[in-house]
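Position 1 is the first residue of the sequence; numbering continues from there. These figures come from a predicted structure and were not determined experimentally.
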Amino acid sequence: MSFSIEHVTIRCRDIEASIDYYRRMFGAQVILRRNLADSKRIVFLRIGESMLELMYMGPASEPVDPREHYGVHHFGIKTDDFESVYRDLKGKGADFLGEPFEPTPGIRLAFLREPNGAVIELAQRDPKVFQEAMNKGTVNW
């Protein structure tokens, strides 16, 4: 048996605004729209080789900061040109939660919040640096 993560789902306040956000920020493409009963809707987006599911299910409670509670903390989007993508997202008004940082040379990270409160990690990892870390099994960076 083999497994892989197929998609991540975000519950949206405004699904069309969320689609627009992911299109503008990450070049997402709508690959499927589902209309459900009671005006509920689901839209699947393709970002690179991954899938993101957006759901509109009607009113909901406002999200808590996922960085301060158990459960899903964030999801990551990788890039091979961190500096350009960071500048581009910043120019488009992305809500970054701090400055980019390097936990170790060869790995660049930054966190941003999308319109529904989900946290996204923007990441670029030098494959050689990450492979060396995996070979060690545990690192202190």
Problem - Audit row: Arg125, Glu132, salt bridge (Lys or Arg N to Asp or Glu O under 4.0 Å) steps and yes/no - result: CA-CA 12 Å; Arg125 301 179 205 284; Glu132 288 172 7; over 6 Å; no
What heavy-atom pair brings [X] and [Y] nearest, and what distance separates the two atoms?
X: Val129; Y: Gly106; value: CG2-CA, 4.2 Å
X: Asp14; Y: Ala17; value: OD1-N, 3.0 Å
X: Ser18; Y: Cys12; value: OG-SG, 3.5 Å
X: Trp141; Y: Ala133; value: CZ2-CB, 3.6 Å

Practice task
Decide whether Glu114 and Tyr22 meet the rule of one side-chain donor and one side-chain acceptor closer than 3.5 Å.
Solution key: yes
Practice task
Without swapping roles, check the side chain of Asn116 against the backbone of Ala118 for a donor-acceptor pair under 3.5 Å.
Solution key: no
Is the shortest side-chain heavy-atom distance between [X] and [Y] below 4.5 Å?
X: His7; Y: Phe75; value: no
X: Val139; Y: Thr104; value: no
X: Thr79; Y: Arg108; value: no
X: Glu53; Y: Glu6; value: no
X: Asp88; Y: Met25; value: no
X: Pro103; Y: Leu109; value: yes
X: Leu112; Y: Asp95; value: no
X: His74; Y: Leu97; value: no

Fill in the blank from the handout: The remaining residues in the hydrophobic cluster of Leu36, counting side-chain heavy-atom contacts under 4.5 Å among Ile, Leu, Val, Met, Phe, Trp and Tyr, are Ile31, Leu32, Ile42, Phe44, Met51, Met55, Met57
Handout entry: Cluster link Phe111 to Val72, ILVMFWY, side chain under 4.5 Å
Key = no
Practice task
Following the transitive rule for hydrophobic clusters with a side-chain heavy-atom cut-off under 4.5 Å over Ile, Leu, Val, Met, Phe, Trp and Tyr, establish whether Val43 and Ile120 coincide in one cluster.
Solution key: yes
Handout entry: Ring geometry between Phe26 and Tyr21 (parallel below 30°, tilted from 30 to 60°, perpendicular above 60°)
Key = perpendicular
Exercise for the section: First locate atom CZ of Phe96, then atom CG of Leu89, and finally report the distance between them rounded to the nearest 0.5 Å. Expected result: 4.5 Å
Practice task
Kindly compute the distance separating CD1 (Ile47) from CD (Gln29), expressed to the nearest 0.5 Å.
Solution key: 10.0 Å
Problem - Pair Glu121 + Arg67: basic N to acidic O under 4.0 Å - result: no
Exercise for the section: Could you check Lys78 against Glu49 for salt bridge (Lys or Arg N to Asp or Glu O under 4.0 Å), going step by step and ending with a plain yes or no? Expected result: CA-CA 11 Å; Lys78 69 180 178 178; Glu49 295 178 20; over 6 Å; no
